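Have a look at the structure below, then the notes.
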Amino acid sequence: MRFSIYIIILLLIAACDGRQSLRMEKGSPRSFVAASAAGGEQDEGNAGVSLDRMLIREATLNFQCSNVVETKRKLDALVKNYKGYSTNEGQNTYEDRTYYNQTFRVPESKLDSIIAKIESFALTIDDKNISSEDVTEEFIDVSARLATKKELESRYRDILKLARTVEEILAVERELNNVRSEIESMEGRVNYLQNRVQLSTLHVSYHLPEGGTFTFGSKFVNAFGIGWNNLLSFIIGIFQAWPFVIMIIAGIWATRKYLWKGRG
């Protein structure tokens with residue numbers, strides 16, 4: 001009975017702490033984050049600590065270049081120089097034009113500089129878009145609930161030391177597992193938001209100017225090559241179907257022989 005009372009008191013305290021954390025978030029999110037960074041303690045001197053907004057920035061850049069191979073080399077070297085890295089690359093063809101696509105993760109503070117560098121060696125910028133998503137409130141909310149869950153976990157561990165029977169131990173451990181699962185989920189979300197804020201995503205697509213690769217001569221040669229390949233495919237198809245060809249020829253021969261006999 002006494003053990004059950006401990007658990008009830010614990011849950012009530014945790015609920016009060018959760019509401020208090022949410023009030024701190026709604027009332028002064030900047031002060032809350034400053035206090036969290038300081039280990040949960042806050043005095044009057046920290047009340048005025050400013051907090052930069054947490055923004056997830058993503059940019060898309062589509063441009064024309066004079067040389068695809070050289071452009072790719074410049075992009076890779078540029079991003080590497082700014083401590084970024086490539087996450088995806090490929091190419092696709094649309095209306096006789098080949099587009100080369102690359103995706104990079106770069107430090108948020110260097111995104112504008114990288115875009116300016118790309119614009120300096122691009123022939124023409126076809127499309128440019130930079131978007132920002134403010135996740136400050138979500139980060140503060142998840143951080144507040146995470147702190148509450150960690151405090152609850154600590155109290156459950158203290159109660160586990162007071163458990164005497166197997167039933168009591170299993171009951172507390174079950175609650176501990178639930179809390180630990182929630183903590184890991186929140187920690188994953190916090191880490192994800194921090195990573196997306198610290199590293200911006202840059203999508204780059206580049207191509208040669210119209211006529212740079214597909215002139216009339218190149219189109220003619222390309223069409224001739226396609227026709228030749230189709231002819232070879234047709235011939236190969238005939239050879240692959242030789243049993244059916246023999247059956248058709250035999251059928252025609254037998255029919256004609258039967259007709260000739262009928263006339264005789």
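Not measured: the values here are computed from a predicted model. One-based numbering along the sequence shown.
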Without swapping roles, check the side chain of [X] against the backbone of [Y] for a donor-acceptor pair under 3.5 Å.
X      : Y      : value
Glu168 : Thr165 : yes
Asn195 : Asn191 : no
Arg164 : Leu162 : yes
Arg105 : Leu199 : yes
Ser181 : Asn177 : no
Ser120 : Lys117 : yes
Thr148 : Ala144 : yes

Rounded to the nearest 0.5 Å, how far apart are [atom1] of [X] and [atom2] of [Y]?
X      : Y      : atom1 : atom2 : result
Asp112 : Arg57  : CG    : CZ    : 4.5 Å
Lys149 : Ser154 : NZ    : OG    : 14.5 Å
Asn62  : Thr124 : CG    : OG1   : 11.0 Å

Show the numbers, then the answer: is there a side chain to side chain contact (heavy atoms under 4.5 Å, CB included) between Lys72 and Tyr100?
CA-CA 9 Å; Lys72 184 180 186 307; Tyr100 298 85; over 6 Å; no

Where do Phe121 and Ile118 land on the side chain to side chain contact (heavy atoms under 4.5 Å, CB included) test, with the steps shown first?
CA-CA 6 Å; Phe121 60 74; Ile118 296 175; 4.1 Å; yes

Between [X] and [Y] (salt bridge meaning N to carboxylate O under 4.0 Å), is one present in this structure?
X      : Y      : value
Lys128 : Glu119 : yes
Arg189 : Asp141 : no
Glu153 : Lys150 : no

Taking the side chain as everything from C-beta on, heavy atoms only, tell me whether Asn101 gets closer than 4.5 Å to His203.
no

Any idea which heavy atoms bring [X] and [Y] closest together, and the distance?
X      : Y      : value
Asp134 : Met54  : OD1-O, 3.4 Å
Phe104 : Thr87  : N-OG1, 4.4 Å
Val197 : Glu108 : O-CB, 3.4 Å

As a test of understanding, state which of Thr71, Thr98, Asp126 forms a side chain to side chain donor-acceptor pair (under 3.5 Å) with His207.
Asp126

Joint cluster assignment, [X] & [Y], ILVMFWY side-chain distance < 4.5 Å:
X      : Y      : value
Tyr192 : Val142 : yes
Leu170 : Leu160 : no
Leu55  : Leu193 : no

Going by distance alone, is a donor N or O of one side chain under 3.5 Å from an acceptor N or O of the other, for Gln102 and Tyr206?
yes

Ile114 pairs by side chain to side chain contact (heavy atoms under 4.5 Å, CB included) with which of Asn81, Leu78, Val204?
Leu78

